[in-house]
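All remarks here apply to the structure that follows.
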Amino acid sequence: MKPSHIEHIGIAVKNLEETIKYYQDVLGLECYSVEEVADQKVKTAFFMVGQTKIELLESTSPDGPIGKFIEAKGEGIHHIAFAVEDVNSALSEVAAKGVRLVDAQGRKGAEGLNIGFLHPKSTFGVLTEFCSK
Ligand code: ZN
C-alpha cells in the first residue's frame, strides 16, 4: 500500500459559517460543498487546494465525535486523510502490521467516498483516515 496523495485535512470547528467566511474571504478559497453526515453527527464544508481538500467539521450534537474532540482539545486539525487505491485492503494491510483500527471495514463518508480510520494511539497521535472512490 502507498497513498497517492493527501486527499483532505479534517479540521474541527465550532461554527461552520464563520469558518467558511475565513477560508473564503481571507484565504480566497471557494466552498464548493456543504454536506451533513448524519451518522457522524457532523456538518461538513469542503474547499479544494490543488488536489487536496480542506474539510471543515462542525458537530451537530455535543456527544458526536467532533463535539467531544472540541471539548477535549479545542478547535483545530482533527485528522489527515490519505487517498489509497482500496480502503479495505489498506486497512487490513496496516492491521497486519500491528496498527489498531477504528474501522475494521471501510464505510461510507462525505462525498460518497469509502473511508476508514486508524486509531491515533497507533499512529503517533494523528487520527489517520484512508479514503478511496
Ligand atoms: Zn475525513
Side-chain angles (χ1 to χ4, degrees):
M1 183 208 64
K2 192 178 172 201
S4 58
H5 61 281
I6 293 175
E7 214 280 336
H8 63 269
I9 295 168
I11 300 173
V13 305
K14 287 182 182 163
N15 185 314
L16 200 60
E17 252 167 63
E18 271 178 29
T19 316
I20 288 172
K21 270 194 205 135
Y22 163 75
Y23 280 86
Q24 287 192 150
D25 301 347
V26 179
L27 296 187
L29 299 170
E30 190 194 336
C31 177
Y32 68 89
S33 165
V34 175
E35 186 186 342
E36 189 164 337
V37 185
D39 71 328
Q40 285 298 297
K41 299 180 179 170
V42 288
K43 216 165 127 189
T44 63
F46 286 94
F47 301 81
M48 201 83 206
V49 191
Q51 61 177 346
T52 301
K53 296 161 191 159
I54 301 288
E55 175 186 37
L56 303 180
L57 302 148
E58 181 197 77
S59 192
T60 55
S61 155
D63 68 347
I66 295 298
K68 285 186 198 156
F69 176 88
I70 287 177
E71 195 176 315
K73 297 188 175 171
E75 293 180 292
I77 293 181
H78 177 258
H79 66 275
I80 183 162
F82 293 103
V84 297
E85 190 99 332
D86 179 79
V87 167
N88 283 332
S89 60
L91 288 173
S92 42
E93 200 177 317
V94 299
K97 291 176 178 168
V99 172
R100 195 168 137 198
L101 302 177
V102 174
D103 300 301
Q105 285 272 314
R107 58 188 162 86
K108 203 162 173 152
E111 299 197 299
L113 293 174
N114 199 22
I115 66 160
F117 282 93
L118 320 189
H119 199 284
K121 287 222 162 96
S122 279
T123 57
F124 303 89
V126 178
L127 178 59
T128 300
E129 176 182 355
F130 290 153
C131 49
S132 64
K133 285 189 175 150

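Just follow the structure's listing: the first ligand is 1, and inside any ligand the first atom is 1. Sequence positions, counted from 1, serve as the residue numbers for this chain.
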Subject >> Thr123 side chain to Thr128 backbone, donor-acceptor under 3.5 Å >> reply: no
**OP:** Give a yes or no on whether Glu93 atom CD has more than 12 heavy-atom contacts from other residues, nucleotides or ligands under 6.0 Å away.
**Re:** yes
Subject >> All side-chain hydrogen bond (donor to acceptor under 3.5 Å, both in side chains) counterparts of Ser89, not counting sequence neighbours >> reply: Asp86
Original post:
Do the side chains of Asp103 and Phe130 get nearer than 4.5 Å, heavy atoms only?
Top reply: no
Original post:
What distance do Ile9 atom CD1 and Ile80 atom CD1 have between them, rounded to the nearest 0.5 Å?
Top reply: 5.5 Å
Original post:
Under 2.8 Å from the Zn ion (ligand 1), how many protein N, O or S atoms can be found?
Top reply: 4
Subject >> NZ (Lys53) with more than 12 external heavy atoms under 6.0 Å >> reply: yes
